[in-house]
Amino acid sequence: MVNGNGKPLKSKVSGFHELNADEKLELIKKFSDLTDEEQELLRKTGALDINKAEMMIENVIGTTEYPIGIATNFLINGRDYLIPMALEEPSVVAASSYSAKLARPMGGFVADADEPIMIGQIQLVGIKDLREAKKNILLKKEEIFDVANKCDSILVKFGGGVRDIEVREFETSRGNMIVVHLLVDVRDAMGANAVNTMCETVAPLLEEATGGKKRLRIISNLADRRLARSKAVWNKDDLGEETIEKILDAYELAVNDQYRCTTHNKGAMNGIDAVVLATANDFRAVEAGAHSYAARDGKYRPLTKYYKDEEGNLVGEIELPLALGLVGGATKTHPIAKIAVKILGVRSTKELAQVVASVGLAQNFAALRALATEGIQKGHMRLHARNIAVIGGAETREEIDAVVRKMVEEKAINASRAKEILEGMRKRS
Ligand code: NAD
């Protein structure tokens, strides 16, 4: 048996987790034929040092970095924000800033968010009488609240805790099932650990009440009680009536065609994920929740909405679940995430959700405007060309600028052309 590099080494490494980061890296170097330089690069960590990284996940050998860009011009609920965005894709930060600038004269973004209620699910199987089981669970409601809240006295101290329960019944091919929803106010946490603990703790009570057997006990990432919304108006004199019509045509395609709608929503997620990542929040949870919410009535739909107001201005709206935390998770332990939160200046997860939703709307609007008019490649490729120039071997800012200029002029943006241009330049100098 050989590995991906053709060496007779196995990926089954006993005791790998017991090695320190350096020893792990030494092993990876052998397995994957890393050079000394590559090993050194992996050793080089930034603000997130190896000890902190090892507290976050398992089997750590290094850290990775993303650029953080600041989106400017955001006015949300009358407050100015400078927004840190972490991502690798060119154009997104510039596009969000541009949309926010265009939205400012009409008052910027008006956003709101629900209370931070998360849903915990407890699955019970082998239920004989669904109606009787449901009745018995509801009779124990107060006791369930009590037991769940005792799991997290800190959360309760900060004003959170269980708010309600719901009982859902299923007749399935594997027999009757009940799923109990614990609706928990998680205040400034994302809430998964808090809710999962509560679900595990109250499950035996529910077994008693129903005569069933507990199975899954976990948070739902469809955080549809924790929605955030944002709205902005773009002036028809700034945008032009023709552009508004083109944007509305583009939006209508997303409403009617899932292939387009997926990309439409990806445009919004470009902005959303970047802020979620900058603040070290759980972007998988946000992604799963957003797309599930987009398909909530059985058809996958846009997360945003566009229409004209009475004066013919373009109105954009967004609504999606945003389970974000300012305490817990990595937000409080990742040194850069802490600074990102400070730059944002948000005081609650509700406020953070309002900001994130607004960036999602801004980014979606920017993509639609560009697509409906000049196409996105013009702006995008100019920025992307910088990456291509680096791939082609350009090292200094002067080299990168010169290679980009030439590639854009020739409309030939690819690594082999970048290499040729660079070689020509270097020969001449
Ligand atoms: P956590 O458990 O690290 O911290 C939350 C706790 O902080 C609360 O339970 C409370 O005790 C305390 N706290 C202090 N001040 C608070 C305040 N003002 N408001 C609320 N709580 C306060 O984090 P969490 O938010 O429960 O869990 C988030 C983590 O769980 C993320 O890292 C996520 O990736 C992970 N996770 C997610 C899933 C999922 O999404 N399906 C599943 C498992 C774990």
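We count ligands from 1, going down the list as the structure has it; atoms in each ligand are counted the same way.
Residue, atom and distance of the protein heavy atom nearest to atom 28 (C) of ligand 1 are Met190 SD, 3.8 Å. Ile154 CG2, 3.8 Å is the protein heavy atom nearest to atom 13 (N) of ligand 1. Among all protein heavy atoms, the one lying closest to atom 22 (C) of ligand 1 is Val327 CG2, 3.6 Å. For atom 37 (C) of ligand 1, the closest heavy atom belonging to the protein is Ala192 CB, 3.2 Å. Of the protein's non-hydrogen atoms, Gly329 CA, 4.1 Å is the one closest to atom 31 (C) of ligand 1. Here the protein heavy atom with the shortest distance to atom 25 (O) of ligand 1 is Gly191 N, 2.6 Å. Looking only at heavy atoms of the protein, atom 29 (C) of ligand 1 is closest to Asn193 ND2, 3.6 Å. Of the protein's non-hydrogen atoms, the one nearest atom 19 (N) of ligand 1 is Asp188 N, 3.0 Å.
Partners of Tyr81 according to the ring pair (Phe, Tyr, Trp, His ring centres under 6.0 Å) rule, which considers only residues two or more places apart in sequence or in another chain, do not exist here. With sequence neighbours left out, Glu65 forms a side chain to side chain donor-acceptor pair (under 3.5 Å) with no residue at all.
Ligand-side atoms of ligand 1 in range of Val186: 19 (N), 20 (C), range being under 4.0 angstrom from any heavy atom. The Gly328 neighbourhood of ligand 1 comprises atoms 1 (P), 3 (O), 4 (O), 23 (O), with distances under 4.0 Å to a heavy atom of that residue. The contact set between ligand 1 and Asp282, taken as ligand atoms under 4.0 Å from a residue heavy atom, comprises 33 (C), 34 (O), 37 (C), 40 (O). Under a 4.0 Å criterion applied to the non-hydrogen atoms of Asn196, ligand 1 contributes the atoms 42 (C), 43 (C).
For atom 6 (C) of ligand 1, the nearest protein heavy atom lies 4.0 Å away or farther.
Residues Ala71 and Met85 share a closest heavy-atom pair of CB-SD, 3.7 Å.
Ranked by closest heavy atom to atom 9 (O) of ligand 1, the top entry among Ile219, Asp152, Asn221 is Asp152.
Classified by interplanar angle (parallel below 30°, tilted 30° to 60°, perpendicular above 60°), the ring pair Phe109/Phe74 is parallel. A perpendicular orientation is assigned to the rings of Tyr306 and Tyr251, their planes being inclined by more than 60° (bins at 30° and 60°).
Look at Arg187 and Glu115 and you find a salt bridge, because one of the NZ, NE, NH1 or NH2 atoms lies within 4.0 Å of a carboxylate O, short of that distance. A salt bridge links Glu166 to Arg225: at least one charged side-chain nitrogen sits closer than 4.0 Å to a carboxylate oxygen.
Where the criterion is an N or O separation shorter than 3.5 Å, residue side chain and backbone included, Ala285 fails it with respect to ligand 1.
Put simply, the residue from Leu82, Val356, Val355, Ile339 that forms a side chain to side chain contact (heavy atoms under 4.5 Å, CB included) with Leu344 is Val355.
Judged purely by atom type and a 3.5 angstrom limit, Lys305 has no side-chain atom pairing as donor or acceptor with the backbone of Glu317.
Looking at Gln354 and Asn77, their side chains do bring a donor and an acceptor atom within 3.5 Å of each other.
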